[in-house]
There are 2 protein chains.
Amino acid sequence: MARRQTGLSERHRKIMEFLTRFQDSHGYSPSIRQIGDSINVKSTSLVDYYLNQLQNLGYIEREDRISRSIRVLQPIQPGVSLPARVGEAFRGAASALASMVSIPIAGRIVASEPIPMPVSDLNYYDAESSVDIARSLLPAKDVNDLFALEVSGDSMIDAMINDGDIVVMKKASSANNGEMVAIWLDDNNETTLKYFYKEADRIRLQPANPNMEPIFVKNPKSLRIMGKVVMVIRQVHSVAG
Amino acid sequence: MARRQTGLSERHRKIMEFLTRFQDSHGYSPSIRQIGDSINVKSTSLVDYYLNQLQNLGYIEREDRISRSIRVLQPIQPGVSLPARVGEAFRGAASALASMVSIPIAGRIVASEPIPMPVSDLNYYDAESSVDIARSLLPAKDVNDLFALEVSGDSMIDAMINDGDIVVMKKASSANNGEMVAIWLDDNNETTLKYFYKEADRIRLQPANPNMEPIFVKNPKSLRIMGKVVMVIRQVHSVAG
DNA sequence: CTTGACATTGAACATATGTTCGTGTATGAT
DNA sequence: ATCATACACGAACATATGTTCAATGTCAAG
């Protein structure tokens, strides 16, 4: 092995501080280069590197290829800054109280078929087919592109997911290393849930069950990412067996 | 002269509404093109034109050449807007609270140790260590003897339960056939989660994973039922591996 | 009917901003 | 040592996004 990851470094801390300060005074997020300036780093890739770490640790959230889309999920220090606007204060109060979100169930996920996607991009959905989840259980603030699927069949067992489980997913067409994604495999003509790792010249799809072997995909085009898995819920009933 | 400026048009109103809605749910401002989509305008210059008007009228503020830098200064809607939204939110909060139940996390469940039970004498628990679940997801009406455990280690894999999962359980000392229970096995000195089946002269403990073999217990006294599993929740983070 | 301010369009443009990649350095484990 | 990994740099790249402009349509006042 090698150098141990030391959790949060001084730079991580500074970035978080800068983010909250900047957002507080400007009302929008800084760009990568602006963050770089604030910590005296000229390389944008290094900032990107830090931001990915902070995201994996759950401190921030950001959208792929969208400028200034960083959201602070977890302020680093106890000193909470006063919200600039009424709307923001209101939002904070509401999220502290209400904190429940209704996620539409888009359909069933079966190994042998592509997964159904939520019907509309707008915030309309049928109240009948939805699951209510406490915001406190969800890592992301952005709750808009979440949807849920009911698992059908035992074929996701290698992903530690059972028949009847409910999988909460976030729409995505790309993934970062270590994220669990729903993938459509052209070669096998099947949907599967795996941890995603991009390696040198291939993609490794690692089952959640550590006893099982990974799948390797050479051709990135033969695999389509449908979404990232955010949560799995299993309601346990009496089951014949 | 010519056409009179009519103050705020329908489109201005829609833009303002879209801005607040988008910022509220995404945490950052939309791009000009996204605003255009929301009002069915394909020309970015027209949106820019509207935004300049809104800025001159003091409704919004934005920075030159900086993406997604729009700030809403004055929410639209004649008077009713903010109070209405507050009222709505509080109504939502109330109903959310009513339909949500806070389940205490009694501790960690490890294969090699008996499971911790909730400090049941008093109906007091630390708010920090609890999970909020929507009542609609719980089968049982009786919510009082529910408690939650965080799974530690990979030893529950045969029960399709992973390290870090949260298991919601109901206190019980007996079980019906087909129910998933947490059991302490005197013989093996371990805690395990299995489906429970009482057969002619023995008890069959069936793993949730259908690929795995059951355990048989002849002596009912060497096994202690700690509770029934009601629900399993897995929050999926990025996982190194 | 003109006229001119307002409204709208589409495309081209400029650049702000996130992403990728090759390379290099330090650090700890073996 | 030597190996793998985390950390770091900077340039080239791709694209997301704001800006500009010339042309055209619309409508009410003159």
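Chain identifiers are assigned alphabetically (A, B, ...) following the order of the sequence lines, protein sequences preceding nucleic acid strands; residue numbering begins at 1 within each chain. Since we're looking at a predicted model, the values are computed, not measured.
At the phosphate of C/dT17, OP1 or OP2 sits under 4.0 Å from a side-chain N or O atom of B/Ser67. Here A/Gln34 does not reach the OP1 or OP2 of C/dA16: none of its side-chain N or O atoms lies under 4.0 Å away. At C/dA7, one or more side-chain N or O atoms of B/Gln53 fall inside 4.0 Å of OP1 or OP2 (strictly under the cut-off). In this model, the phosphate group of D/dT17 is approached by a side-chain N or O of B/Arg68 to a distance below 4.0 Å at OP1 or OP2.
Side-chain proximity of A/Tyr49 to the nucleotides D/dC7, C/dT19, D/dT19 is greatest for D/dC7.
Of the residues in residues 38-48 of chain B, those lying under 4.0 Å from DNA chain C by heavy-atom distance are B/Val41, B/Lys42, B/Ser43, B/Thr44, B/Ser45, B/Leu46.
Within 4.0 Å of A/Arg33, counting heavy atoms only, lies at least one base atom of the nucleic acid.
Rounded to whole Å, the distance from CD on A/Gln55 to C1' on C/dG18 is 13 Å. In this structure, the CZ atom of B/Arg65 is 11 Å from the P atom of C/dA14, given to the nearest Å. When the P atom of D/dT17 is taken as reference, atom CG of B/Asp37 falls 12 Å away, rounded to whole Å. Remark: P of D/dT17 and CG of B/Asp64 are 17 Å apart, rounded to the nearest angstrom. Following rounding to the nearest Å, A/Asn52 (CG) and D/dC7 (P) show an atom-to-atom distance of 13 Å. We find that CD1 of A/Ile35 is positioned 17 Å from P of C/dA16, with the value rounded to whole Å. In this entry the distance linking CZ of B/Phe22 with C1' of D/dT17 reads 13 Å, nearest Å. When the C1' atom of C/dT9 is taken as reference, atom CD1 of B/Ile32 falls 15 Å away, rounded to whole Å.
When the salt bridge (Lys or Arg N to Asp or Glu O under 4.0 Å) test is applied to A/Asp48, the partners found at least two apart in sequence or on another chain are A/Arg62. Applying the side-chain hydrogen bond (donor to acceptor under 3.5 Å, both in side chains) rule to A/Arg21 yields no partners; only residues at least two apart in sequence or on another chain are considered.
Using bins of under 30°, 30° to 60° and over 60° for the plane-to-plane angle, the ring pair A/His26/A/Phe22 lands in the parallel bin.
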Item to check | B/Leu137/A/Ile133 under side-chain contact (heavy atoms from CB on, under 4.5 Å): CA gap, chis, key distance, verdict | outcome: CA-CA 9 Å; B/Leu137 290 179; A/Ile133 310 285; 4.2 Å; yes
Checklist entry - After noting the C-alpha distance and the side-chain angles of A/Ile66 and B/Arg68, does the key distance pass the side-chain contact (heavy atoms from CB on, under 4.5 Å) rule? => result CA-CA 9 Å; A/Ile66 292 196; B/Arg68 299 172 181 275; 3.4 Å; yes
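Ion pair A/Glu179/A/Lys170 not flagged as a salt bridge, since none of the NZ, NE, NH1 or NH2 atoms sits closer than 4.0 Å to an Asp/Glu carboxylate oxygen.
Between A/Leu146 and A/Val230 there is a side-chain heavy-atom pair separated by less than 4.5 Å.
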